[in-house]
Amino acid sequence: MDFIYYFGDVFTPLSFMLLLGGTIGGLILGATPGLSPTMAVALLIPFTFQLEAAQGLILLGAAYTSTVAGGAVSAILLKIPGAPANIATTLDGHTMAKQGQGARALQLSFLASAVGGIFGVLLLIFLTPVLAQWALAFGPSHLFWLAILGVTVIGTLDSASVVKGLLSGCIGLWLATIGFDDIMGAQRFIFHPALGGGINIIAALIGLFAIPQVLTMFAKGRHHTGAEVIEVQRHSILEAFRELFSRTRALSIGTLTGSIIGLIPGVGGQIAGLVAYDQTKKFSSEKDKFGTGHSEGVIAAESANNAMVGPSLVPLLTLSIPGSPTAAVLLGGLLIHGIFPGSDLFDNHPDVAWTFINSMLIGQVLMCIFGLYVAGLAARVAQVPQSVMAAIVLALSVFGAYSVQGSMGDVYVMACLGIGMFFLERFGFSAAPLVLGLILGPIAEANFIQGGMIADATVGKASYFLTGGLNLLLITVVLASIAYSVWMELLHRRYTTKEEAQA
């Protein structure tokens, strides 16, 4: 119950202002098509440099939570998911809006998001310290395999192709080797003086997530989206409360599904929403109503989307394995402040850890309160021409990359990585495994070298890294995640081929 002692730190003037600003700004950004939660958090990291670690994480956590929920605004009013996590919300939410029930759909989505989000953060509160103590058993060989697991899990689940996902992770691991070798001091792949200190993680995050979106926006030219904003009518919040808790089956399935999927590293919110929607439909006695403006579809999808936010941070804070692409960006934010997640986090930095987690709990309530008030404004933001939005994001990207070290070299690195990622995405590669390879590469290398030194003095490298119960368990999980992804991809191809043949 240590978290209770740190609740007061969230309500200090600056911390609470950051929580409010991150929540309201995240709702608006989340409702803007093209600005994903991952990109929003990456753009905000440079603004945390002058803040204390806990305050910086409050801003990032509030933005993460509210952008996931804010994506429901454009999904319901415009039929444009604000993020991939909101795809399932469009199936019934937009139909409800077209039937004149837009306010009801928005109220149900924010209330369901708050319930799911609070449950997810409570799981984060009670599970994280227990797992953090269990993480004390991990030595260099185990941490090496954990880093490899993090890359392979997101590499195989956040990409359309298993091979391309793993290749993206390998590219990230190679980028992590650029600079000077920490052990021998040798130069590695330093093609330009800007790379002498290696690739700065913040410049890389901004470049890989923001620049491809900017180029895509510019490619669409100077025109409005053309989407018609459906007017948000008045609807009683009390009635929305009654309806939400009368749909306990949809709310329970969505919350539990999102929480379980959030604990699995690399799965992501878009899968949570779609799985929850599918399971709710299967268990519902009104299957025929789904897709025609049924409130259970909205409740299940949005409760799952936010329920996965808290649990996705459990493997991050305990084992340094991000549970989602946005959690990988948060890992970069922690490392920038000199804080390494793991067993020592709650012993050496309890004020930072608990203040951050408590702020996410309070942020769920604030997100629900402000959600409906900014819904209309957020929908109007989605009507801004793509060229104008691209210019704003580009300016923030250049400012963020330059402000890290006051170096134009970081801006060049950001631009090169962003342009490269733009073309890689055209061939089906994903930025998330590449970023994870870049972040986890130094961790894997350092533990491999440290473990190698221990092994040379004891049992030898093969025995040290390939034997022992925990090592074998991690290796099995790595291989199982790859095998499962290959199997699912083959099934998907077979199903697609059968559909095309029938057509």
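The model shown is predicted, which means the values in this text are computed figures rather than measured ones. Values reported hereafter were calculated over all heavy atoms of this structure, with side chains retained and with hydrogens, waters and symmetry mates removed.
- In summary, R188 and E445 engage in a salt bridge, as defined by a charged side-chain N under 4.0 Å from a carboxylate O.
- Contact annotation: the side chain of T48 never approaches that of Q55 to less than 4.5 Å [non-hydrogen atoms, C-beta and beyond].
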Report task. Check the pair F47 / F399 against side-chain contact (heavy atoms from CB on, under 4.5 Å), numbers first and verdict last. Result -> CA-CA 10 Å; F47 294 95; F399 168 77; 3.6 Å; yes
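- The closest side-chain donor-acceptor pair between E296 and T280, if any, does not fall under 3.5 angstrom.
- Across all their heavy atoms, L43 and A210 have their closest contact at CD2-CB, 4.2 Å.
- You'll find the side chain of T23 reaches within 4.5 Å of the side chain of M367, heavy atoms only.
- Taken from CG in L44 to OG1 in T67, the straight-line distance is 9.0 Å, to the nearest 0.5 Å.
- W174 has its ring centre less than 6.0 Å from the ring centre of F189.
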Query raised in the report: Which is it for I211 and L394 under the side-chain contact (heavy atoms from CB on, under 4.5 Å) test, yes or no, and what are the steps along the way?
Result: CA-CA 7 Å; I211 299 302; L394 181 61; 4.0 Å; yes
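- Looking at heavy atoms from C-beta onward, I148 lies out of side-chain contact with L474 at the 4.5 angstrom threshold.
- With a 4.5 Å cut-off on side-chain heavy atoms, L149 and F144 do not count as touching.
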Report task. Decide side-chain contact (heavy atoms from CB on, under 4.5 Å) for S430 and E425; before the verdict, give the C-alpha distance in whole Å, the side-chain angles of both, and the deciding distance to 0.1 Å. Result -> CA-CA 6 Å; S430 175; E425 286 181 349; over 6 Å; no
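- Heavy-atom minimum distance, P311 versus S259: CB-O, 3.5 Å.
- To the nearest 0.5 Å, the span separating CG on L334 from CG on L330 amounts to 7.0 Å.
- Across G116 and T255, no two heavy atoms sit closer than the pair CA-OG1, 3.9 Å.
- Taking CG from L195 and CD from Q187, the interatomic distance works out to 11.0 Å, rounded to the nearest 0.5 Å.
- Across C368, S113, S109, a single residue satisfies side chain to side chain contact (heavy atoms under 4.5 Å, CB included) together with N306, and that is S113.
- For F429 and F423, the gap between ring centers reaches or exceeds 6.0 Å.
- Distance alone, capped at 3.5 Å, is enough to place a donor-acceptor pair between the S66 side chain and the G22 backbone.
- At a threshold of 4.5 Å between non-hydrogen side-chain atoms, the residues F356 and L313 count as touching.
- Taking every heavy atom of both residues into account, P212 and M421 meet most closely at CG-CB, 3.8 Å.
- For the residue pair A42 and P46, the shortest heavy atom distance occurs at O-CD, 3.6 Å.
- The side-chain heavy atoms of L256 and F119, taken from C-beta on, include a pair separated by under 4.5 Å.
- Within a 6.0 Å radius of OH in Y412, other residues, nucleotides and ligands contribute 12 heavy atoms or fewer.
- A donor-acceptor pair under 3.5 Å is formed between the side chain of S312 and the backbone N or O of V309.
- Atom CG of L59 and atom OG of S359 lie 10.0 Å apart (nearest 0.5 Å).
- The aromatic rings of Y277 and F290 sit perpendicular, their planes meeting at an angle over 60°, well past the 30° parallel limit.
- Nearest heavy atoms, M360 versus G61: CE-O, 4.4 Å.
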Query raised in the report: Under the side-chain contact (heavy atoms from CB on, under 4.5 Å) criterion, do F218 and V214 qualify, and how do the steps go?
Result: CA-CA 6 Å; F218 277 132; V214 168; 3.4 Å; yes
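- Considering only heavy atoms from C-beta on, L91 stays 4.5 Å or farther from V298 through its side chain.
- Considering CD1 of I299 and CG of L251, their distance stands at 7.0 Å, rounded to 0.5 Å.
- Residues T89 and N305 are in side-chain contact: their nearest non-hydrogen atoms beyond the backbone lie under 4.5 Å apart.
- Here the options are L434, L175, I206, the test is side chain to side chain contact (heavy atoms under 4.5 Å, CB included), and the partner is L417; only L175 passes.
- Rounding to the nearest 0.5 angstrom, the gap separating the CZ atom in F465 from the NE2 atom in H142 is 10.0 Å.
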